[in-house]
Amino acid sequence: MSNKRYDTIIIGAGAAGLMAGIQAARNGKQVLILEKMDRPGRKLLITGKGRCNVTNCCTVEEFMTNVLSNKRFLYSCLNALNPYEVMGFFEECGVPLKVERGERVFPVSDHSSDIVNALVTAAQDAGCRISYACVKNLLTDTLKDGSLCVVGVETEEGENIASDSVIVATGGKSYPATGSTGDGYRLARQVGHKVTPLRPSLIPIVCQEKSCRDMMGLSLKNVTLTVVDTSNGKEVFSELGEMLFTHFGVSGPLVLSASCHMQPDKNGSLNRYKMYIDWKPALSEQQLDARILRDFEQFINKDFINSLGLLLPKKSIQIIAGLSGIPFDTKINQITKVQRERLIQVIKSMELTPKTFRPIEEAIVTAGGVDVTQVNPKTMESKLAHGLFFAGEVLDVDGYTGGFNLQIAFSTGFAAGTYC
């Protein structure tokens, strides 16, 4: 056993771990944060496309409508550290923030490194020691009443480090290059915790259509994406926003949110779903028809394929024209009302066939995790082992894209750091 003893050892120097460390150290605890990567906050650096969507500027009640799993578990910790308080924390750390569309909060600089540096500096200023090592095992003991308690950790190097409490803040299983390789699930199972099935959440979708690859790189704004479960005809998702065509299918904020509402079958297939894009949601079919007719008047002597440049992005024209069934070389003055109606149908409801999710490693968030029925929702302490706490993505809680998952990390980390 190492000669040095700590009040608290935190496994993982990400959003949850650093916030837990700051809170514990500010409460007078001697804190050691163990990080297996070569620097803290690796996953934080890539969130929000490198801009770091820190939180969402909303009330706790509004926040709860954006939580997907185990909402009730989060009430206590979110009320202890709400989004406005997280914003205040970073402003006090010298990081000015801004609020963008959808109440998403970013650093004014658009640099995620400012958020990571603020957390690391705050942790060190509070007295945390950050060390680089991978934890192999939790060290446990049995109390007189027969209950289990955690008394430290064993590192991969074979060093045993004693502590009064341990906080597991290792992240999930997404983006393993940042250190999120599922270590926390293994540690939780060591003391008997149940880990609910892991699945990707907020993840791009592979589609059957070659047209996605043909439009690769095309980013759409102000479109509506609708997902229908064909097994029962129910609409499971429909929202206005942004999306992106890729070499494998579709991605972007709308697609990531839609993925949370789609359940693959046991083979990982999404073939019971259909996706529909409304390229012009602000226009009714009648308004769109009037708009097309106005455009046609400008191109009256042109071929059909050359008449859509004012209406649609250049990369999409051949695809949508092809789906309409109107021969490309049809003269504008020869297009019938029936053909126009088919074009409108394609623009208002372009169909895509989802095949599978991309690999879980590409998910922004891992859904599933340590079963929250075995964790105290106020303190984040294990109900199975005294002195063991959990924080962040390792828990079975997740939300939509928009700063909600980072806020969950901060709030659960704050709670664990307060009560450890």
#### Entry: Sequence-distant partners of R51, side chain to side chain donor-acceptor pair (under 3.5 Å), two or more places apart
E100, D110
### Message
Between K348 and E341 (salt bridge meaning N to carboxylate O under 4.0 Å), is one present in this structure?
### Response
no
### Task
Using the salt bridge (Lys or Arg N to Asp or Glu O under 4.0 Å) rule, collect all pairs that involve residues 202-216, keeping only residues at least two apart or in two chains.
K210-D214
### Message
Please tell me whether E393 and N405 have a donor and an acceptor in their side chains that are separated by less than 3.5 angstrom.
### Response
no
### Task
Determine the minimum heavy-atom distance between S238 and T226, stating which atoms define it.
OG-OG1, 2.8 Å
### Query
How far does CZ of F245 sit from CD1 of I277, to the nearest 0.5 angstrom?
4.0 Å
### Any donor-acceptor N or O pair under 3.5 Å, side chains D371, T373
yes
### Query
If you draw a 6.0 Å radius around NZ in K98, do more than 12 non-hydrogen atoms from other residues or ligands fall strictly inside?
yes
### Query
Taking the six-membered ring for Trp, is the centroid-to-centroid distance between F106 and H111 below 6.0 Å?
no
### Task
Look at K136 together with E157 and state whether they make a salt bridge at an N to O cut-off of under 4.0 Å.
no
### Message
Salt bridge check, D303 against K331: does any charged N sit closer than 4.0 Å to a carboxylate O?
### Response
yes
### Message
Measuring centre to centre across the rings, with the benzene-like ring taken for any Trp, is F390 within less than 6.0 Å of H193?
### Response
yes
### Message
Less than 6.0 angstrom separating the ring centers of Y419 and F389, yes or no?
### Response
no
### Query
Is there a donor-acceptor pair under 3.5 Å between the side chain of N79 and the backbone N or O of Y75?
yes
### Query
Has the side chain of T121 got a donor or acceptor atom that lies under 3.5 Å from a matching backbone atom of N117?
yes
### Task
Give a yes or no answer on whether the side chain of K280 reaches the backbone of L311 with a donor-acceptor pair at less than 3.5 Å.
yes
### Query
Any donor-acceptor pair under 3.5 Å linking the side chain of N56 with the backbone of G102?
yes
### Query
Rounded to the nearest 0.5 Å, how far does OG of S219 lie from CD of E242?
6.0 Å
### Query
Any donor and acceptor pair, going by atom type alone, linking the side chain of K274 with main-chain N or O of E351 inside 3.5 Å?
no
### Query
For the side chain of S163 and the backbone of T8, is there at least one donor-acceptor N/O pair under 3.5 Å apart?
no
